[in-house]
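Notes for the one structure printed next.
The chain is numbered in sequence order, starting from 1. Predicted model, so just to flag it, every value in this text is computed and none were measured.
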Amino acid sequence: MNVLVAMPNGALREDFFPPQTKSRLESIADVTWNESGEEWSQRELRDRIQGIDVCVTGWGCPQLTADVVDRADDLELLAHTGGSVATIASEAVYDAGIDVVSANDVMAEYVAEYVLGAILTHVRCLGELNAAMHRGRTDSDSYFIESLHDSTIGLVGLGTIGRFFLEHLRSFDVTVDVYDPYIDDDALDEFPFVTRTDLETALSSEIVSLHAARTPETIGMLDAEELAQVPDDALFVNTARAELVVEDALLDELRSGRFSAILDVFHEEPLPDDHELRDLENVFLTPHVGGSQIRPPLTESVIDDIVRYRDGEPLEHGIPRGAWELMTR
């Protein structure tokens with residue numbers, strides 16, 4: 001089995017392929033690595049993909065376009081160490097019958113864990129209490145400490161992350177409204193505490209969490225009119241993509257102090273040092289780390305599927321064409 005790892009050599013690839021993970025891959029296949037330290041162009045990938053059975057990609061890899069696929073005479077599996085394959089796979093990949101897998105499910109688990117942890121940190125005032133303790137204060141009466149139990153939560157978009165988040169919420173006595181026009185009618189049957197609703201209802205929750213993919217249809221889907229539906233004193237969480245929300249409209253709401261926000265994604269990343277968000281006390285900021293910093297398990301899950309491919313077993317992390325079409329671009 002011939003495997004081509006298209007990720008360029010460097011610190012990022014070392015994060016995804018620490019020595020033990022790299023050795024594991026090399027123990028199951030003849031591996032060719034991109035040792036250039038630079039992202040290959042589509043032409044460079046095309047020149048190297050002939051005779052390759054499995055192409056492993058990650059951040060910093062070109063798309064497998066029709067021109068690349070035309071040269072990929074032996075390619076049967078595209079294995080992506082990241083989440084979305086929207087800009088890596090192509091119609092040509094699926095037309096050629098090449099299987100596509102990614103670490104999307106594994107990354108989604110980590111993001112869902114982040115969402116739950118961040119929300120609990122907010123409702124229990126853990127950040128404020130920690131800061132107060134470091135300043136020498138020991139009282140808690142001046143903080144409005146709440147519980148996640150008995151809350152109403154609105155999800156805008158469901159996706160894989162949203163499903164894992166719903167699994168976490170089974171432990172709490174919450175009511176969840178989900179807006180997602182792309183899910184099947186029976187998609188939420190296993191969650192008795194969840195109702196499929198319209199966008200206005202989902203936005204009217206005490207906690208609103210975004211889980212929609214970034215596509216041409218969802219960019220700017222929440223503007224001033226939609227954000228005005230978020231209740232006073234609510235919590236607005238975005239771990240999806242910043243472009244789902246009109247930035248100026250969100251800034252206007254946050255400046256007013258009408259509701260609070262947890263933001264892990266931004267229109268410009270890294271967030272500029274002088275960005276206004278850094279000065280707003282009602283915003284909890286993290287640098288797009290919901291799932292992306294936990295990297296070796298992502299690669300391990302992809303290698304697991306490469307082993308299954310080698311052994312003729314069903315793949316566990318497959319991305320069918322329909323899912324690819326709806327992934328973040």
Study note, to complete from the structure: Applying salt bridge (charged side-chain N to carboxylate O under 4.0 Å, His left out) to Glu247 and not counting sequence neighbours gives none
Review point. Under 3.5 Å, is there a donor-acceptor pair between the side chain of Glu253 and the main chain of Leu250?
Key: no
Check your understanding: Can you list the residues that meet the side-chain hydrogen bond (donor to acceptor under 3.5 Å, both in side chains) rule with Thr152, with sequence neighbours excluded?
Key -> Glu206
Review point. Distance only, no hydrogens: is a donor on one side chain within 3.5 Å (strictly under) of an acceptor on the other, for Trp59 and Glu39?
Key: no
Exercise for review: Using modelled atom types only, decide if a donor and an acceptor are shared between the side chain of Thr328 and the backbone of Ala213 within a distance under 3.5 Å.
Suggested key: no
For residues 6-19, tabulate all N or O donor-acceptor pairs below 3.5 Å that involve a side-chain atom, not counting sequence neighbours.
| unit_1 | atom_1 | unit_2 | atom_2 | d |
| --- | --- | --- | --- | --- |
| Asn9 | OD1 | Arg13 | NH2 | 3.2 |
| Asn9 | ND2 | Glu35 | OE1 | 3.4 |
| Arg13 | NH1 | Met7 | O | 3.0 |
| Arg13 | NH1 | Asn34 | O | 2.7 |
| Arg13 | NH2 | Glu35 | OE1 | 3.2 |
| Asp15 | OD2 | Arg295 | NH1 | 2.8 |

Point to revise | Derivation and outcome, side-chain hydrogen bond (donor to acceptor under 3.5 Å, both in side chains), residues His211 and Ser209 | key: CA-CA 7 Å; His211 298 283; Ser209 188; 2.8 Å; yes
Exercise for review: Work out which heavy atom in Ala202 is nearest to a heavy atom in Leu155; give both atom names and the distance.
Suggested key: CB-O, 4.0 Å
Exercise for review: Please test Phe236 against Leu227 for side-chain contact (heavy atoms from CB on, under 4.5 Å), starting from the C-alpha separation and ending with a verdict.
Suggested key: CA-CA 9 Å; Phe236 183 85; Leu227 291 176; 3.9 Å; yes
Only distances under 3.5 Å count here; give the side-chain donor-acceptor pairs of residues 260-270 to other protein atoms, sequence neighbours excluded, each with its distance to 0.1 Å.
| unit_1 | atom_1 | unit_2 | atom_2 | d |
| --- | --- | --- | --- | --- |
| Asp264 | OD1 | Thr286 | OG1 | 2.6 |
| Asp264 | OD1 | His288 | N | 2.9 |
| Asp264 | OD1 | Val289 | N | 2.9 |
| Asp264 | OD2 | Val289 | N | 3.1 |
| Asp264 | OD2 | Gly290 | N | 2.9 |
| His267 | NE2 | Ala242 | O | 3.4 |
| His267 | NE2 | Val245 | O | 3.1 |
| Glu269 | OE1 | His288 | ND1 | 2.7 |
| Glu269 | OE2 | Phe266 | N | 2.9 |
| Glu269 | OE2 | His288 | ND1 | 3.1 |

**Study point:** Short N-O contact, Arg308 and Asp305, less than 4.0 angstrom
**Key:** yes
**Study point:** Nearest heavy-atom neighbours spanning Asp74 and Gly51
**Key:** OD2-CA, 3.2 Å
Exercise for review: Run the numbers on Asn282 and Leu254 for side-chain contact (heavy atoms from CB on, under 4.5 Å), then give the verdict.
Suggested key: CA-CA 7 Å; Asn282 57 333; Leu254 294 175; 4.0 Å; yes
Review point. Is Phe172 reachable from Val123 through a run of I, L, V, M, F, W or Y residues, each pair having side-chain heavy atoms under 4.5 Å apart?
Key: yes
Point to revise | Test log, rule salt bridge (Lys or Arg N to Asp or Glu O under 4.0 Å), inputs Asp95 and Arg321 | key: CA-CA 9 Å; Asp95 288 344; Arg321 188 193 292 255; 2.8 Å; yes
Practice item. Determine the minimum heavy-atom distance between Ala66 and Ala92, stating which atoms define it. Key: CA-CB, 3.5 Å
Study note, to complete from the structure: Which of Leu199, Val208, Thr197, Val194 passes side-chain contact (heavy atoms from CB on, under 4.5 Å) with Asp177? It is Thr197
Review point. Where do Ile49 and Arg71 come nearest, in terms of heavy atoms and distance?
Key: CG2-C, 4.0 Å
Check your understanding: Checking Asp73 side chain against Gln50 main chain: does a donor-acceptor pair fall under 3.5 Å?
Key -> no
Review point. Residues two or more places apart in sequence or in another chain: which of them pass salt bridge (charged side-chain N to carboxylate O under 4.0 Å, His left out) with Arg241?
Key: none
Review point. Are there more than 12 heavy atoms of other residues, nucleotides or ligands under 6.0 Å from atom CD of Glu113?
Key: no
Review point. When hydrophobic residues are tied together by side-chain contacts of less than 4.5 Å, even through go-betweens, does Ile207 share a cluster with Val176?
Key: yes
Point to revise | Minimum-distance pair of heavy atoms, taken over all atoms of Thr87 and Gln63 | key: O-CB, 3.2 Å
Review point. Can Phe191 be reached from Ile161 by stepping across I, L, V, M, F, W or Y side chains whose heavy atoms are under 4.5 Å apart?
Key: yes
**Study point:** Cation-pi geometry met for Arg329 and Trp324 (6.0 Å, 45°)
**Key:** yes
Practice item. Determine whether Phe284 and Leu120 fall in the same hydrophobic cluster, where Ile, Leu, Val, Met, Phe, Trp and Tyr are linked whenever their side-chain heavy atoms lie under 4.5 Å apart. Key: yes
Point to revise | Chi angles and distances behind the side-chain contact (heavy atoms from CB on, under 4.5 Å) call for Val101, His80 | key: CA-CA 6 Å; Val101 299; His80 186 58; over 6 Å; no
Point to revise | Glu281 CD: over 12 foreign heavy atoms closer than 6.0 Å | key: no
Check your understanding: What residues, two or more places apart in sequence or in another chain, satisfy side-chain hydrogen bond (donor to acceptor under 3.5 Å, both in side chains) together with Tyr94?
Key -> none
Practice item. For salt bridge (Lys or Arg N to Asp or Glu O under 4.0 Å), just list the numbers for Arg196 and Asp185, CA-CA rounded to whole Å, side-chain angles, deciding distance to a tenth of an Å, and then say yes or no. Key: CA-CA 9 Å; Arg196 186 175 183 179; Asp185 291 338; 3.2 Å; yes
Practice item. Tell me, please, which residues at least two apart from Tyr143 pass ring pair (Phe, Tyr, Trp, His ring centres under 6.0 Å). Key: none
**Study point:** Counterpart residues, side-chain contact (heavy atoms from CB on, under 4.5 Å), relative to Ala96 (two or more places apart)
**Key:** Val69, Ile98
Review point. Has Arg48 got more than 12 heavy atoms of other residues, nucleotides or ligands less than 6.0 Å from its CZ?
Key: yes
Check your understanding: Between Asp184 and Asp186, is there a donor-acceptor pair closer than 3.5 Å when you use the side chain of the first and the backbone of the second?
Key -> no
Practice item. Please list, chain by chain and in numerical order, all residues satisfying side-chain hydrogen bond (donor to acceptor under 3.5 Å, both in side chains) with Thr239, sequence neighbours excluded. Key: none
Practice item. Only counting residues at least two apart or in another chain, list the ones meeting side-chain hydrogen bond (donor to acceptor under 3.5 Å, both in side chains) with Asp304. Key: Arg24
Check your understanding: Under 6.0 Å from the CD atom of Glu276, do we count more than 12 heavy atoms belonging to anything else shown?
Key -> yes
Practice item. Could you tell me which residues satisfy salt bridge (charged side-chain N to carboxylate O under 4.0 Å, His left out) with Asp173, sequence neighbours excluded, listed by chain and number? Key: none
Review point. Okay, side chain of Ser41, backbone of Glu44: is any donor-acceptor separation there less than 3.5 Å?
Key: yes
Review point. When clusters are formed by joining ILVMFWY residues with side-chain heavy atoms under 4.5 Å apart, either directly or through shared neighbours, do Leu64 and Val100 land in the same one?
Key: yes
Check your understanding: What pair of heavy atoms forms the shortest contact from Thr81 to Gly58, and how long is it?
Key -> OG1-CA, 3.4 Å
Practice item. Quick one: do Ile319 and Met327 satisfy side-chain contact (heavy atoms from CB on, under 4.5 Å)? Show the steps, please. Key: CA-CA 10 Å; Ile319 308 295; Met327 280 183 151; 3.7 Å; yes
**Study point:** With sequence neighbours excluded, residues passing salt bridge (charged side-chain N to carboxylate O under 4.0 Å, His left out) with Asp139
**Key:** Arg137
Check your understanding: For Glu217 and Thr215, does a side-chain donor sit closer than 3.5 Å to a side-chain acceptor?
Key -> yes
Check your understanding: Regarding Ser301 and His317, is there a side-chain donor-to-acceptor distance under 3.5 Å anywhere?
Key -> no
